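Only heavy atoms go into these numbers, but all of them, side chains included; no hydrogens, no water, no symmetry mates. Proteins get letters first, then strands, A, B, ... in listed order; numbering begins at 1 in each. Everything numeric here is computed off the predicted structure, so don't read it as measured data.
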Number of protein chains: 2
Amino acid sequence: MAQARRYAGGVDGNRSLERGIEILRAFRPGVDTLGNGEIAERCGLPRSTVSRLTRTLVNSGMLDEVRSERAYRLAASVISIGHAMRTGSPVLNAIGPMMRAESAKRRLNVGLATADRTMMVYLESIRYSPRAALRNVVAGQQVPMELTSLGRAYLAGIAEVERERLLRLFKRRSAAATKALLADVRRSISAVERDGYCAVSWQPAVLAVATPIVLEGLPVYALNMSLQNVERSDALASEIGSYLNAFAAKCQEVLAGREPE
Amino acid sequence: MAQARRYAGGVDGNRSLERGIEILRAFRPGVDTLGNGEIAERCGLPRSTVSRLTRTLVNSGMLDEVRSERAYRLAASVISIGHAMRTGSPVLNAIGPMMRAESAKRRLNVGLATADRTMMVYLESIRYSPRAALRNVVAGQQVPMELTSLGRAYLAGIAEVERERLLRLFKRRSAAATKALLADVRRSISAVERDGYCAVSWQPAVLAVATPIVLEGLPVYALNMSLQNVERSDALASEIGSYLNAFAAKCQEVLAGREPE
DNA sequence: CAAGCATTTCCACTAAGTGGAATTAAGGGG
DNA sequence: CCCCTTAATTCCACTTAGTGGAAATGCTTG
């Protein structure tokens with residue numbers, strides 16, 4: 001009767017696989033190990049089912065078993081898949097080197113991100129530091145979409161329906177402050193439409209400016225530039241904004257040329 | 001009859017999930033996009049099945065659809081999971097900073113890796129360069145186990161049965177040169193047992209020296225130190241080897257102390 | 001050593017998943 | 001412009017693979 005589709009509420013697809021992926025997703029920075037019980041709770045799955053799925057994930061090399069804690073942690077395979085992703089990303093390949101050059105030239109941080117559900121995930125984040133010895137790349141880090149320039153630029157770049165869907169999600173999650181927050185988000189989106197960029201300081205003394213990168217047939221990305229240890233000022237924001245606009249235009253150009261692969 | 005276990009030849013677990021993971025694994029550096037047909041071929045699965053599984057992976061955010069090529073590519077989510085893995089790795093957290101310091105002190109590359117099937121995958125790879133501006137971290141990169149110091153040190157660190165299983169796999173794969181290669185691998189393993197480290201130059205002018213890190217209840221890791229643009233010499237190898245042994249001992253100490261979490 | 005909690009195994013049930021065949025959609029000449 | 005080839009997707013009858021509640025097992029703790 002049921003034809004491998006439309007299981008409890010879902011549209012189409014494979015339930016076990018979906019659940020297995022959800023289990024992998026339950027591991028995030030801050031939760032280094034998870035036991036079957038905790039996974040069952042977080043994912044809303046029966047314990048016996050989780051037990052079987054985690055076993056499979058161990059056999060497939062995605063999880064390591066930590067016997068002593070009766071728990072699991074993400075295995076090294078996941079970073080090799082992550083590495084393959086970065087390697088295969090045409091956008092990152094095309095503009096990664098340009099980002100490094102731009103960071104050095106302008107003496108500020110340059111980042112590239114895209115969405116993972118309601119978070120923005122960095123494909124590349126080049127931290128400028130006068131002492132060049134410090135680490136530069138933090139790929140994979142997530143920041144909240146509603147609160148960051150990156151996220152708001154992304155929202156400005158996607159289709160209206162998708163944007164509204166996401167905004168509804170934010171509303172549902174943050175209980176208070178929602179009204180003011182959503183208004184602020186919409187203001188940032190307007191700013192992108194008007195000026196090409198938006199500026200946000202969600203971290204104490206960091207000023208970040210971002211712009212969307214929209215390409216036919218690819219997910220929407222967002223580029224940002226940021227500076228630490230500065231006071232937020234409109235003048236500074238618009239200076240960085242103009243650098244960013246110029247840089248983004250150059251990126252779009254390169255990407256349009258390379259797109260056919 | 002069949003109780004969610006022992007499907008065609010397998011021991012136990014969930015077939016769909018296993019297949020889905022295998023699909024993700026089919027993406028590797030060099031193959032940036034894959035169509036359903038090619039996936040079906042590489043994974044040995046029926047096309048209709050692949051079609052359904054890739055759809056699920058897209059819905060779960062692990063794959064992006066590239067409509068223009070009727071193909072898929074890894075989505076950004078996979079690097080956020082990869083990031084979570086690195087963040088949660090107690091070994092990397094404990095000795096990552098030590099590795100950076102050691103690299104600067106000894107002026108050579110320092111790497112940490114573990115196994116993903118028959119490949120070694122870097123959790124961290126710190127490339128020393130007098131001009132500190134160059135990139136330092138290449139996490140997730142894979143190198144072949146049989147050919148590298150890292151891989152051979154790993155082999156020396158694991159249980160005998162597992163080692164023999166892997167050696168059999170290598171034999172099956174590389175048609176020619178097998179005998180000499182396997183002998184060389186065994187020589188490296190003996191070297192580790194005798195000297196604590198093994199030295200290999202699988203890249204033209206690179207000398208690499210590695211040692212295993214064995215900890216109760218964790219996968220076996222391998223640490224390496226390497227130098228570019230040098231002629232291989234036993235004197236140099238043993239000098240680096242002694243640095244490595246000293247460093248590895250310090251790491252083991254720190255890790256033993258931190259292990260209880 | 002017993003009691004309590006958590007995880008894994010068991011098992012009857014059946015819906016979820018499968019894969020071959022049919023269908024639809026996308027390039028590629030003629 | 002339309003037909004033809006090739007590949008992906010959908011259909012659908014079949015049945016096995018997966019499910020989850022209950023029982024059993026295995027740690028841990030007082």
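The shortest side-chain heavy-atom distance between A:M62 and A:L74 does not fall under the 4.5 Å cut-off. Between A:V143 and A:M119 there is no side-chain heavy-atom pair separated by less than 4.5 Å.
In this model, no donor atom of one side chain and acceptor atom of the other lie less than 3.5 Å apart for A:T56 and B:N14.
A donor-acceptor distance shorter than 3.5 angstrom exists from the side chain of A:R163 to the backbone of A:L155, with no hydrogens or angles considered. Checked by atom type and distance alone, the side chain of B:T211 pairs as donor or acceptor with a backbone atom of B:G196 at under 3.5 Å.
Taking atom CZ of A:R19 as the reference point, atom P of D:dA17 lies 18 Å away to the nearest angstrom. Separating the CG atom of B:L53 from the C1' atom of D:dG18 is a distance of 15 Å, rounded to the nearest angstrom. The separation between A:L17 atom CG and C:dA16 atom C1' is 13 Å, rounded to whole Å. Between the CD atom of B:E41 and the P atom of D:dT6 there is a distance of 16 Å, rounded to whole Å. The distance between atom CD1 of A:I23 and atom C1' of D:dG18, rounded to the nearest whole Å, is 14 Å. A:L57 places its CG atom 13 Å from the P atom of C:dT8, with the value rounded to the nearest Å. What separates CZ of A:R70 from P of C:dG4 is a distance of 19 Å, to the nearest Å. Spacing between atom CD of A:E18 and atom C1' of D:dT19 amounts to 16 Å, rounded to whole angstrom units.
B:P212 approaches B:Q252 most closely through the heavy-atom pair O-NE2, 3.9 Å.
For the contact set between residues 43-51 of chain A and DNA chain C, defined by any heavy atom under 4.0 Å, the members are A:R47, A:S48, A:S51.
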Tell me, what's DNA chain C's dot-bracket, Watson-Crick or G-U with both distances under 3.5 Å, | for other-strand, [ ] crossing? ||||||||||||||||||||||||||||||
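Where A:S16 and A:G37 each meet DNA chain C at their nearest nucleotide, the meeting point lying more 5' is that of A:G37.
Between the CG atom of B:D64 and the CE atom of A:M85 there is a distance of 7.0 Å, given to the nearest 0.5 Å.
For B:R186, the side-chain hydrogen bond (donor to acceptor under 3.5 Å, both in side chains) partners two or more places apart in sequence, or in a different chain, are B:E164.
Heavy atoms from other residues, nucleotides or ligands lying under 6.0 Å from CD of A:E41 number 12 at most.
Remark: A:N14 is in phosphate contact with C:dT18, judged by side-chain N or O atoms under 4.0 Å from OP1 or OP2. Between B:N36 and D:dA8, a side-chain N or O to OP1/OP2 separation shorter than 4.0 Å is absent. In this structure, A:R15 does not reach the C:dT18 phosphate: none of its side-chain N or O atoms is under 4.0 Å from OP1 or OP2.
Side-chain proximity of B:Y72 to D:dG20, D:dT9, D:dT10: nearest is D:dT9.
Looking at heavy-atom distances under 4.0 Å, B:R67 makes no contact with the nucleic acid at all.
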